[in-house]
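One structure is given here, and the rest of the page talks about it.
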Amino acid sequence: MKNLLIFTTLLVLTQIAALAVDLGSTTSQTPYDRYMSPVKQTFAGIRGEGATMQKVQALMRQGRGFRYAHSEPYYPAMPEETAAKRKGDCKDKALWLINQLQDPSARFVIGKEKRGAKISHAWVMWENEGQWWILDCTMTSKPVPADRVSDDKYVPLYSWAKGASFRHSEKAGLADVAGKKAPVASQADRRIASN
């Protein structure tokens, strides 16, 4: 009986934590919208129910093995092109990974790999069993727990999911975004994001 009570309590706490996750504020537009047609197309084709950690780990190793090649500055390549060439930049690899995952919880994220970086970076955020993970085939071959990342790493500015886009504050670290309410981006944050 005691084990059942503990299990039930942990299950409820996990569900509450999952409900408390806020991945930004929904927004009807972002400075990147004119470049996001491949992202929207890919999300429109997601038909899966979710990915396992084992599948994610295998895909991360595969994507990390793709050669890094900077392509079109703003438009991500379609996943089929990235797979066929076995190369791409951060946004190409992130979109390829979303297509492979076929998981509706996945988010395509544009932000800064390090706070204050001059260039943007793209990665995937993915939820598994109530925990958010960073999936970044450009930088690593393993999923990284979002709540263990310092506030100065993986700073999201905007993210996209199936049928929605979100705005994040550059002042929020990824752990804040993955586990707490993210503050709404100020006009200064939006101006920084557009640079």
Side-chain angles (χ1 to χ4, degrees), residues 23-24 26-114 117-128 132-144 146 149 153-168 174 177-178 193-195:
L23 295 176
T26 57
T27 184
S28 60
Q29 62 183 20
T30 78
Y32 299 96
D33 286 342
R34 63 182 157 206
Y35 311 112
M36 290 296 113
S37 58
V39 173
K40 292 174 183 175
Q41 266 185 283
T42 301
F43 274 116
I46 290 179
R47 303 279 183 254
E49 304 230 349
T52 65
M53 181 59 80
Q54 184 177 10
K55 179 179 181 178
V56 167
Q57 290 169 336
L59 289 169
M60 290 283 299
R61 286 189 300 274
Q62 183 180 354
R64 180 73 174 141
F66 290 178
R67 190 167 60 88
Y68 183 87
H70 186 63
S71 60
E72 176 67 36
Y74 299 105
Y75 290 98
M78 289 301 291
E80 300 79 19
E81 181 182 338
T82 303
K85 293 181 177 182
R86 296 190 48 80
K87 68 178 182 179
D89 60 16
C90 60
K91 63 190 177 308
D92 301 336
K93 291 181 177 191
L95 192 55
W96 169 83
L97 184 57
I98 285 173
N99 187 60
Q100 294 298 304
L101 290 172
Q102 287 294 304
D103 190 319
S105 77
R107 298 279 180 103
F108 180 89
V109 182
I110 292 180
K112 304 288 184 172
E113 190 222 345
K114 294 180 182 176
K118 300 245 185 259
I119 60 170
S120 62
H121 185 57
W123 65 90
V124 175
M125 284 199 54
W126 170 69
E127 184 183 18
N128 181 37
W132 286 93
W133 296 84
I134 299 164
L135 310 179
D136 182 1
C137 295
T138 303
M139 304 305 281
T140 183
S141 60
K142 296 180 182 179
V144 176
V149 173
K153 298 272 291 168
Y154 289 103
V155 181
L157 299 174
Y158 296 93
S159 63
W160 290 262
K162 187 170 180 143
S165 55
F166 302 86
R167 174 182 60 211
H168 305 276
L174 187 60
V177 173
S194 66
N195 290 337

Checking [X] side chain against [Y] main chain: does a donor-acceptor pair fall under 3.5 Å?
X	Y	result
R167	T26	no
D103	A51	yes
K55	Q100	yes
D92	T82	no
K112	A117	yes

Do [X] and [Y] come close enough that some side-chain heavy atom pair is under 4.5 Å?
X	Y	value
L95	F108	yes
S120	L157	no
S165	Y32	no
W133	V56	no
W126	S105	yes

* Asked: Given W96, which of L59, V124, L101 fulfils the side-chain contact (heavy atoms from CB on, under 4.5 Å) condition?
  ->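 So the option named by the test is L59.
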Which atoms form the tightest heavy-atom contact between [X] and [Y], and what is the distance?
X	Y	value
G24	F166	O-CD2, 4.0 Å
Y75	K91	O-CE, 3.3 Å
F43	A106	CE2-O, 3.4 Å
V144	T140	CG2-CG2, 4.3 Å
R47	Q102	N-OE1, 2.8 Å
R107	S159	NH1-OG, 3.6 Å

In Å, rounded to the nearest 0.5 Å, how long is the span from [atom1] of [X] to [atom2] of [Y]?
X	Y	atom1	atom2	answer
T42	E80	OG1	CD	6.5 Å
M139	I134	CE	CD1	11.5 Å
M36	Q41	CE	CD	12.5 Å
Y68	K93	OH	NZ	8.5 Å
M53	M60	CE	CE	10.0 Å
S141	D136	OG	CG	11.0 Å

* To do: Describe, in one word, how the ring planes of W160 and Y158 are oriented to each other, choosing from parallel (under 30°), tilted (30 to 60°) and perpendicular (over 60°).
  => tilted
* Could you tell me how the ring of Y154 sits relative to the ring of H121: parallel (under 30°), tilted (30 to 60°) or perpendicular (over 60°)? =>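 Tilted.
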